[in-house]
Structures are given as structure tokens and as C-alpha cells.
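Each remark here refers to the structure printed beneath this line.
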There are 2 protein chains.
Amino acid sequence: MSIRHGLLALLERGSRYGYQLRAEFEESTGGTWPLNVGQVYTTLGRLERDGLVRGMPESDGGQRPYEITDAGRAELALWFATPLSQADRPRDELAIKLALAITTPGVDVRAVVQTQRSATMRSLQEFTKLKQAGGELPWLLVLEAMIFQCEAESRWLDHCESALVRHRPTVTPVTQHIDERVTADERA
Amino acid sequence: MSIRHGLLALLERGSRYGYQLRAEFEESTGGTWPLNVGQVYTTLGRLERDGLVRGMPESDGGQRPYEITDAGRAELALWFATPLSQADRPRDELAIKLALAITTPGVDVRAVVQTQRSATMRSLQEFTKLKQAGGELPWLLVLEAMIFQCEAESRWLDHCESALVRHRPTVTPVTQHIDERVTADERA
DNA sequence: CGACACATGTAACACGTTACATGATTTG
DNA sequence: CAAATCATGTAACGTGTTACATGTGTCG
């Protein structure tokens, strides 16, 4: 639903055509989430089908601008007025992954956690660097949203690791045979 | 991709049938993300089509168990070994919403922020209550992931609000006419 | 001219989601 | 018996995503 409403919001500023919409959408979010042009057109088609936008006749340079309708404006207002509930959000794949890793035989959960943390920290560094480069307020806020998320994820991964250590003791390479005895016990 | 791999992980524990898979999936995540049974079957169909699981003949009580194949095991191992990159994640709808709210005429951004924060805090309280009730380790970690996320979101919303105040001064009901002058200036 | 950016669009597919149809089994 | 739960499955739709086809304009 984010692209749908995103395009609607851009059209609220005034009439735009597909290519413009893609450029402005990517600009708002600083190119963090690249948007395939094709998707703009398919989404515009669906928005028109639903009566939220109106496609104008093709103008001079082969450009076909769209404008938002009253229904579209209402839908947009509703979007802004309604908070995102937990149910609206996609499942947290990382949480699912770790939760299942714990109960899946033959998975080194600590390795999963550590690999993820490396990746998360790399992202965090990239974002921090981008932040130094500066930019418009919207793009800056998006960046900071992702920075906050990375930090939360990193803290959560730390938390998971220590919870795991508490739950099933750490294994060093030397005591590999002990590891196998322990997991065998747990299966019973 | 999370359900696909989730089912694969559950099948790694042993042969299961559809209804069981749904129950175990919801149990792992504590019912936070309810999973429609129908989706289990469609997903199992796709997994079988891709050779990652094998559907067994229908047994006694009308149950049709599935088992994971070697290809499925490889896919699962890959899933666990590969960290989630930023590109894999869905667009952050809230971030997009706020970024666009800022540049959309006629939107009270502060109201959007405050409405969202109320909702986020409500979620946070629910999760905290659930945490007190306790549960298995996987479910506990999932809960804490969501708690951490809510906290990050709440902090980010605070940050947005203060960034907005810095950028365009707060308006009180009494000085409504001043607000209109200001926004008119900004449009120019 | 040839390459590249601009611009529109379609086809095909993946995944998630809901609603529905259908039966077997259990239980009050 | 009737209602609820267990269990399987299909049909239909929505969004997101990619790949492709097509044409125009511009610039070295």
C-alpha cells in the first residue's frame, strides 16, 4: 500500500506524469528504495481503475499527466489520519528466522546472530555516512528512521545472544563432543 | 519469503501436515502474526512445485504430511546462513508516509506524528503485558523484537517532532492566521 | 550515426490474503 | 443431533517486481 499512497501524495502537489512520479518518489526517500518505472505505470493504472486518479490525454512530448480525484484526496486524507497498526505491518522476517532457528535441529543460532549483526552494522555505517552528506528534511528523516531501526536490531541481536547463552551454554571448538551430547539431551 | 522458509524450517524437524504447520508456526511467534490455513496449503503447493518439499500420500485420518527434500534442506541452510540485507526488507511505510506528509500541502504533520505515537505506545504496552505473561524462548524473543521496534519508532517520532519544530515553528490555535501566512510563504 | 536518457506501457510471475467449498471427527 | 473443531483444498484478487517492447529526443 505504500507506493499506492505515495503516488497519491505526490499527485496532491499537482498533476504529474509517470516518470516524474518515480523521480520524486525516489528523491523523497533518497534512493534508498529504488522504484522500478514500470511499477509506477501499473500502480497508476490501478489507481485510475479505482477512481483515485484521472489520466489526462497525452500532451505534446508524449507525456501523459495524471491528476488526483476527490476520491483520491479522501483516500489520502484517510491514510494520513490513520496510524499504522501492528497488524498492517509485514511479518518481521528476522524475528521469525531467529525464532525458528532456535528450534530447528542442526542450526548454529549464534552464527546466525553474528552474521546478521555484521550485516546490520554495515548498514548502520552506510546510513551514518549518508547522513553526514546531508540532504532535505524528508530524506533525512527517512535515513534516521533506518538508523534507529538498525540500532534497535543490533541491540535486539545482543539481547538474543545473551538470552541464548543463558539458555544453552556456549560451546568452544575444543569441547565439540560436549555440544553433541547437550543437543542430544535436548532432543529427548 | 518468510512463510515459505518458515514452513521449510518446521518441516526440518520432521514430517508435518498443513494444519500442524499452521499451529506450530503461530505457536513459535505467539500468534502475533496469525496465519490463514489456506495460505499454508498454497505455500506448500509452491514449495512442492519448486522441489523443496515432497507431499506424501494421504494417510488414515485424511492427513497429508509433507517432508522436506535435500533441495529444501539446502535452501533452508542458505536462508539461515544469509543475513537479511536492507534491500530484502519491505519499504518502511511509516517513514514514507511521514516523508511525504512533510511536502504534501494541507497535511498537519504534527497530528500525523502524534496519532502514530499513540498507536505505537498502545502496541508497546500490549507487548509489555504479554511479556510479563511469559512463554517459550522463541516467542519471547519475537516479542522483544517487537518491543525494541516500538521503542525505536517512538524515539524516532520524538526526533521527527523536534526536527519539525526546528524547521517550521509550532502553531497554537490562537495564532491560526499566522500559520496560514507561514505556509503561504513556504509555497512561494 | 550511435548511444544514452526520457517516456510509456504490457506481460508474466511471486507472494500474501481472504473467502469459499467440502468432508471427517469430536463433543455437548 | 447439532455445533464446533480438525483438515484439505481451490478460486480469486491485490500488491510488488522484473523483464521486455516501443518510441522520442538529444548530444557527442
Side-chain angles (χ1 to χ4, degrees), chain A residues 1-8 10 15-27 29 32-53 55-66 75 79 84-93 96, chain B residues 1-8 10 15-27 29 32-53 55-66 75 79 84-85 87-93 96-97:
Chain A
M1 300 299 255
S2 34
I3 292 183
R4 223 175 127 80
H5 288 116
L7 295 188
L8 228 40
L10 292 175
S15 154
R16 303 284 139 107
Y17 55 88
Y19 223 74
Q20 270 182 326
L21 289 168
R22 180 245 203 151
E24 291 187 22
F25 184 92
E26 289 197 343
E27 192 201 322
T29 62
T32 316
W33 297 294
L35 179 57
N36 189 298
V37 203
Q39 179 144 14
V40 175
Y41 295 107
T42 57
T43 305
L44 280 174
R46 290 161 186 170
L47 283 169
E48 187 165 29
R49 176 200 60 189
D50 300 340
L52 306 182
V53 305
M56 321 280 282
E58 193 174 307
S59 72
D60 39 50
Q63 288 142 54
R64 196 159 113 78
Y66 284 79
E75 171 66 26
W79 187 51
L84 263 88
S85 76
Q86 209 61 30
D88 295 334
R89 305 188 202 226
R91 292 182 178 80
D92 182 343
E93 182 162 353
I96 291 174
Chain B
M1 300 299 254
S2 35
I3 292 182
R4 223 175 127 81
H5 288 116
L7 295 188
L8 229 40
L10 293 175
S15 154
R16 303 284 138 108
Y17 56 88
Y19 222 75
Q20 269 182 327
L21 289 169
R22 180 246 205 149
E24 290 187 23
F25 184 92
E26 288 197 344
E27 192 200 322
T29 61
T32 316
W33 296 296
L35 180 56
N36 189 298
V37 204
Q39 180 144 12
V40 174
Y41 295 107
T42 56
T43 305
L44 280 173
R46 289 161 187 168
L47 283 169
E48 187 165 30
R49 175 200 61 189
D50 299 340
L52 306 183
V53 305
M56 322 279 282
E58 193 174 306
S59 72
D60 38 51
Q63 287 141 54
R64 198 160 111 79
Y66 283 79
E75 172 66 26
W79 187 52
L84 261 89
S85 76
D88 295 333
R89 306 187 202 226
R91 293 182 177 80
D92 182 342
E93 182 162 352
I96 291 174
K97 194 172 170 178

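Protein atom CZ of Arg22(B) is 13 Å distant from nucleotide atom C1' of dT18(C), rounded to whole Å. Rounded to whole Å, atom P of dA11(C) lies 16 Å from atom OH of Tyr41(A). Rounded to an integer number of Å, the gap from OH of Tyr17(B) to P of dC6(D) is 9 Å. The CD atom of Glu26(A) sits 14 Å away from the P atom of dA7(C) (whole-angstrom rounding). For the pair Phe25(B) CZ and dG16(C) C1', the interatomic distance rounds to 12 Å; values are reported in whole Å. Between Trp33(B) atom CH2 and dT17(C) atom C1' the separation is 17 Å, expressed in whole Å. When rounded to the nearest whole Å, the span between CD of Gln63(A) and P of dA7(C) equals 5 Å. Atom CG of Leu21(B) is separated from atom P of dC6(D) by 15 Å (rounded to the nearest Å).
A distance of 11.0 Å separates OG1 in Thr43(B) from CG in Leu8(B), rounded to the nearest 0.5 Å. Separation of atoms CZ (Arg22(A)) and OH (Tyr41(A)) is listed at 9.0 Å; rounding is to 0.5 Å.
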Pair assignment for DNA chain D - dot-bracket with | for other-strand partners, Watson-Crick or G-U under 3.5 Å: ||||||||||||||||||||||||||||
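Residues meeting the side-chain contact (heavy atoms from CB on, under 4.5 Å) test with Glu27(A), sequence neighbours left out: none.
Of all non-hydrogen atoms in Pro65(A) and Pro57(A), the two that sit nearest each other are CD-O, 4.1 Å.
The side chain of Arg64(B) contributes an N or O atom lying less than 4.0 Å from OP1 or OP2 of dG9(D).
Taking 4.5 Å as the limit, some side-chain heavy atom of Trp79(A) sits within range of a side-chain heavy atom of Glu93(B). In this structure, the side chains of Gln39(A) and Leu7(A) stay at 4.5 Å or more apart for every pair of heavy atoms. Residues Asp50(B) and Arg4(B) have side chains in contact (heavy-atom distance under 4.5 Å, counting atoms from C-beta outward). Using a 4.5 Å heavy-atom threshold, the side chains of Glu75(B) and His5(B) count as touching. In this structure the side chain of Ile96(A) reaches within 4.5 angstrom of the side chain of Phe25(B), judged on heavy atoms.
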Contact letters for nucleotides 11-23 of chain D, in which S counts primed atoms plus P, OP1 and OP2 and B counts the base, heavy atoms under 4.0 Å: ---SBBBB-----
